[in-house]
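Report on the structure given below.
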Number of protein chains: 2
Amino acid sequence: MAKLRAATTTRLDPQADRAEWLDTIIRGDCIAKMEALPAGSIDVIFADPPYNLQLGGDLHRPDQSKVDAVDDDWDRFESFATYDNFTRAWLLAARRLLKPNGTIWVIGSYHNIFRVGSIVQDLGFWLLNDIVWRKANPMPNFRGRRFQNAHETMIWASRDQNAKAYTFNYDAMKAANDDLQMRSDWLFPICSGGERLKAEDGRKAHPTQKPEALLARVLLSSTKPGDVVLDPFFGTGTTGAVAKRLGRHFVGIEREEAYITAAQARIDAIEPLDLHTLQTVGSKRAEPRVPFTSLIEAGLVAPGAELTDSRGRWTANVRADGTIAIGDHAASIHRLGAKVQGLDACNGWTFWHLRSPKGLQVIDELRQEIRDRMALVGA
Amino acid sequence: MAKLRAATTTRLDPQADRAEWLDTIIRGDCIAKMEALPAGSIDVIFADPPYNLQLGGDLHRPDQSKVDAVDDDWDRFESFATYDNFTRAWLLAARRLLKPNGTIWVIGSYHNIFRVGSIVQDLGFWLLNDIVWRKANPMPNFRGRRFQNAHETMIWASRDQNAKAYTFNYDAMKAANDDLQMRSDWLFPICSGGERLKAEDGRKAHPTQKPEALLARVLLSSTKPGDVVLDPFFGTGTTGAVAKRLGRHFVGIEREEAYITAAQARIDAIEPLDLHTLQTVGSKRAEPRVPFTSLIEAGLVAPGAELTDSRGRWTANVRADGTIAIGDHAASIHRLGAKVQGLDACNGWTFWHLRSPKGLQVIDELRQEIRDRMALVGA
DNA sequence: ACTAATGTTGAATCTAAAT
DNA sequence: CATTTAGATTCAACATTAG
């Protein structure tokens, strides 16, 4: 508490009370604790607030195992209005803490991000980008009633419309992206394996731990070494861990003692990188998956076109939805290839051919054509 | 106007006034014209509302009157409120038009999508997915002060939270995507080249023409052939062109005569795909139910026969009434399958097998045999 | 000590028809 | 309306166990 009392006044020299709260985790409600910190003292805020998931009953996988849902108390709100009020309050407190050229990041899903984004705009922040985190390994949709929810959204905003001198390390981002501008869609795996913190009972320490790679790109793009990064929903401290490793200062606010304990131990074990190493952080792209529909969409295969195998034993028709059919039996290129041969599996890409002026052309070549085009535009 | 007057009443037989407005472009303000169409007459709405918010000196109100440069808080708040009111009004009119199991798509960028999404939720729609359109060839960021804005966001929502029977062609999407669930991030090139409509002066006919491939996936995923698709911001008619090609009906609403002229010519030139090409892979849910007793009645399974699971761990006896039993415990194929495994649920069709000369045969194959016979006699 | 097979899990607004 | 029953539904990463 002594620490906090010192921080409640803004008249102190920022350097003088630095040691009081810098690189610490403050326990308590984030709104009250943010109000106790000096105005204009933070360079960048990263916030991962509750998503207000509004889950119904239990969900089971096809093998009947139960999905471990996020049903924690901190994610329960009575109504949209309640959630909006909460969001407005913490965003207002956060804005007060930002330096004039500070920026804020907020991550969310479709459950909450539209409300967050609207309130961010209403409070006078200025949107710079919305960033899509494409999950390399998202949870499937188990009931087949929607598209697989394979991404989350981050909002990046400056404190004011006229704040033009915010930090954006354009060249570092471009260099890290094969000398192409860093796009607004980022591909990262979810946090799992050794990176995922475990409680003593072996279960996950926090239900929604974010991957360090995501935070690393956030901080490398929008902060400079020595900057102060605040995370008002600190959880198990991914923001603090990455900030420390990258030579940035952090401040965390968290209510739950168990999360704080885990976060502190995690951060204590972090060894900061030397400045030289900080210069470069690469990103790799995997060979992109190309759905068969892309060939239709790109005009390389027309709906209604005929596909045959290499020896012309079977002929199938391409349908508008990207399936192919023999008679009334429609399936994917793989399933139908397996079906006609009486096999369990078949690589449709190498099995099916398209008649062209220069003879039969395996559709795998058309897929390569798509990949070449994608590589050209840096997708 | 005569057309519209007929459409203002909901008492008419839907078939009778179909020809009046179906597959036409209605000229006028979308809110007024939507209010003149019969309630509950639309299966799917695709909306590409104006994004032109906060674009420096080029800010326009929804009525297209120009707003002076935004340079203070009051003015900015005023413009958000204006946009919100407009958004609420057209979404309300749109919701009235939807059938109970209808769904709506709205596309936008970070300038407007958060406001749209919040209002969609506030009006009682239920979010199903947010879909990210990743642009294969987005415009670069010229000043190097932000990430390249490489995506747009679509919201997909049902009319009500409890509307569970909306159309989602899960199996077709999966088959078209290499037999993997279709994700929420879609990759398409922007509309350019030959697909991009040109005005007589050679310049683009519409500033934000969407690619047909994007609309094709939207309609193939969430509509059935013959469905009615409304686009209240029709522009140069991408929605109508794709709907016609895919055997769906369209209704377009558009204010600008120049756009309507271009759209009508474009749509007139579209040749619909034949029905065969439009058929999609069948979903299991849509197949007729077959009671287990039908297998006994058809002689495919004899009363007293033994069923086992694939690994022979459990054996049950078939009873004449269509239940199966282990000892004295008789139940349906599903209940008993769940019971022996200690689970809440089980698909008995894929769990139980019958011993046959060529080894174990899953009873789901026998069900397929019944379905094939039913199809033969047109049942 | 390897490889192969099997099991576990992740921010999830996750069914449909018959009674 | 609510309740019951049928029966449809998963991908990638990682960990663990079996061979």
Side-chain angles (χ1 to χ4, degrees), chain A residues 48-72 74-77 80 83 107-113 133 135-153 189-196 198 202-204 206-211 233 235 286 289, chain B residues 101 121 125-130 156-158 161-166 168 170-171 174 177-184 283-292 322 331-335 337-338 343-352 363-364 367:
Chain A
D48 183 8
Y51 287 7
N52 189 23
L53 236 38
Q54 301 181 263
L55 300 177
D58 290 342
L59 178 64
H60 293 87
R61 299 184 180 83
D63 65 4
Q64 301 303 320
S65 63
K66 186 164 171 264
V67 174
D68 185 14
V70 176
D71 54 2
D72 306 67
W74 48 255
D75 196 43
R76 280 201 271 270
F77 296 84
F80 282 135
Y83 186 80
I107 186 168
S109 65
Y110 67 86
H111 309 85
N112 71 321
I113 199 67
W133 168 28
K135 301 183 183 184
N137 47 350
M139 194 190 305
N141 183 292
F142 294 117
R143 304 304 297 265
R145 290 298 294 149
R146 304 179 176 196
F147 297 96
Q148 182 184 29
N149 190 8
H151 74 276
E152 294 188 23
T153 301
I190 61 175
C191 181
S192 68
E195 188 186 326
R196 189 89 194 206
K198 301 288 192 295
R203 297 168 23 146
K204 56 193 176 194
H206 192 283
T208 70
Q209 186 182 339
K210 296 295 178 289
F233 304 95
R289 180 186 298 280
Chain B
N101 284 303
Q121 290 180 304
F125 291 100
W126 193 245
L127 297 187
L128 297 170
N129 280 112
D130 61 334
W156 182 41
S158 59
Q161 176 174 359
N162 298 322
K164 303 289 188 189
Y166 57 87
F168 177 56
Y170 173 81
D171 298 278
K174 183 173 174 178
N177 189 41
D178 261 24
D179 292 320
L180 293 173
Q181 293 191 333
M182 188 67 81
R183 296 168 46 113
S184 55
S283 83
K284 287 190 180 176
R285 284 193 180 91
E287 293 195 58
R289 290 201 172 195
V290 176
F292 182 63
S332 74
I333 53 173
H334 311 295
R335 288 273 145 255
L343 298 174
D344 287 338
C346 165
N347 184 341
W349 290 110
T350 54
F351 180 75
W352 295 108
I363 61 173
D364 202 32
R367 179 170 64 161

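Sequence lines set the chain letters: A, B, ... in the order given, protein chains first and strands last, and positions in each chain run from 1.
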Please classify C:dT13 as syn or anti, treating any glycosidic angle within 90° of 0 as syn. syn
Reckon A:S109 touches a base, only the sugar-phosphate, or nothing at all at heavy-atom distances under 4.0 Å? nothing
For B:S332, answer base if it contacts any base atom (sugar-phosphate contacts may also be present), sugar-phosphate if it contacts only those atoms, and nothing otherwise; contact means non-hydrogen atoms under 4.0 Å. sugar-phosphate
Nearest whole angstrom, please: distance from the P of D:dA8 to the CD of B:Q181. 17 Å
Does a side-chain N or O from B:R367 land closer than 4.0 Å to OP1 or OP2 of D:dA8, or not? yes
Could you work out which one of D:dA8, C:dA11, C:dT13 sits closest to the side chain of A:K210? C:dA11
With sugar-phosphate meaning primed atoms plus P, OP1 and OP2, does A:P138 contact a base, only sugar-phosphate, or nothing at under 4.0 Å between heavy atoms? base
Report the C-alpha separation of B:W156 and B:F168 in whole Å, then their side-chain angles, then the decisive distance to 0.1 Å, and conclude whether the ring-ring contact (aromatic ring centres under 6.0 Å, His included) test is met. CA-CA 11 Å; B:W156 182 41; B:F168 177 56; 5.5 Å; yes
Touch check for B:A345, heavy atoms < 4.0 angstrom, all strands: base, sugar-phosphate only, or nothing? base
Quickly work out the A:L59 CG to C:dT9 C1' distance and round it to whole Å. 13 Å
Contact under 4.0 Å: B:N347 side-chain N or O vs D:dA6 OP1/OP2: no
For D:dT10 and C:dA16, measure between their P atoms and round to the nearest Å. 15 Å
Using a 4.0 Å heavy-atom cut-off across all strands, classify A:G57 as base, sugar-phosphate, or nothing. base
So, A:N141 side chain and A:R143 main chain: donor-acceptor pair closer than 3.5 Å or not? yes
Quick one: does A:Q64 reach the base of D:dT9 with a side-chain donor-acceptor pair under 3.5 Å? yes
Any B:H334 side-chain N or O less than 4.0 Å from OP1/OP2 of D:dA6: no
Interatomic distance, B:N177 CG vs D:dC11 C1' [rounded to whole Å]: 12 Å
If you compare every side-chain N and O of B:K174 against the phosphate oxygens of D:dT9 (OP1, OP2), does one of them come in below 4.0 Å? no
Any strand: nucleotide that pairs with D:dA8 via Watson-Crick or wobble, under 3.5 Å: none
Taking atom P of D:dT10 as reference, at what distance in whole Å does atom CE of B:M182 sit? 14 Å
Across all strands shown, which nucleotide pairs with C:dA18 by Watson-Crick or G-U wobble geometry, both distances under 3.5 Å? D:dT3
Do we count B:W126 as stacking onto C:dT13 if the rule is ring centres under 5.5 Å and planes under 30°? yes
In whole Å, I'd like the distance from the NE2 atom of A:H60 to the P atom of C:dT8. 14 Å
NA contact type, A:C191, heavy-atom cut-off 4.0 Å: base, sugar-phosphate, or nothing? nothing
Whole-Å distance separating the NE2 atom of A:H206 from the P atom of C:dT9: 19 Å
Report the residue (A:K204 or B:R289) whose heavy-atom-nearest nucleotide on DNA chain C is the more 5′ of the two. A:K204
Please determine whether a side-chain nitrogen or oxygen atom of B:Y170 lies at a distance below 4.0 Å from atom OP1 or OP2 of D:dT10. yes
Applying side chain to side chain contact (heavy atoms under 4.5 Å, CB included) between A:Y51 and each of A:I113, A:I107, A:V70, report the one that passes. A:I107
NA contact type, A:L53, heavy-atom cut-off 4.0 Å: base, sugar-phosphate, or nothing? base
Is the closest basic N to carboxylate O distance between A:K204 and A:D68 below 4.0 Å? yes
Between the side-chain atoms of A:R146 and the base atoms of C:dT13, is any donor-acceptor pair under 3.5 Å? yes
Which part of the nucleic acid does B:D171 contact within heavy-atom distance under 4.0 Å: base, sugar-phosphate only, or nothing? sugar-phosphate
For B:Q161, report the nucleic acid contact type (base, sugar-phosphate, nothing); a contact means any heavy atom under 4.0 Å. nothing
Looking at the side chain of A:D63, which of C:dA12, C:dT9, C:dG10 is the nearest nucleotide? C:dT9
Kindly say if A:R145 contacts the phosphate of C:dT15, meaning a side-chain N or O under 4.0 Å from OP1 or OP2. no
So, B:D364 and B:R367, do they make that salt bridge, N to O below 4.0 Å? yes
Whole Å only: how far is the CD atom of A:Q209 from the P atom of C:dT9? 16 Å
Under 3.5 Å: donor-acceptor pair, side chain of B:N101, backbone of B:A165: yes
Using a heavy-atom cut-off of 4.0 Å across all strands, would you classify A:W133 as base, sugar-phosphate, or nothing? nothing
Base partner of C:dT13, which must satisfy Watson-Crick or wobble distances under 3.5 Å: none
In whole Å, I'd like the distance from the CG atom of A:D75 to the C1' atom of C:dA11. 8 Å
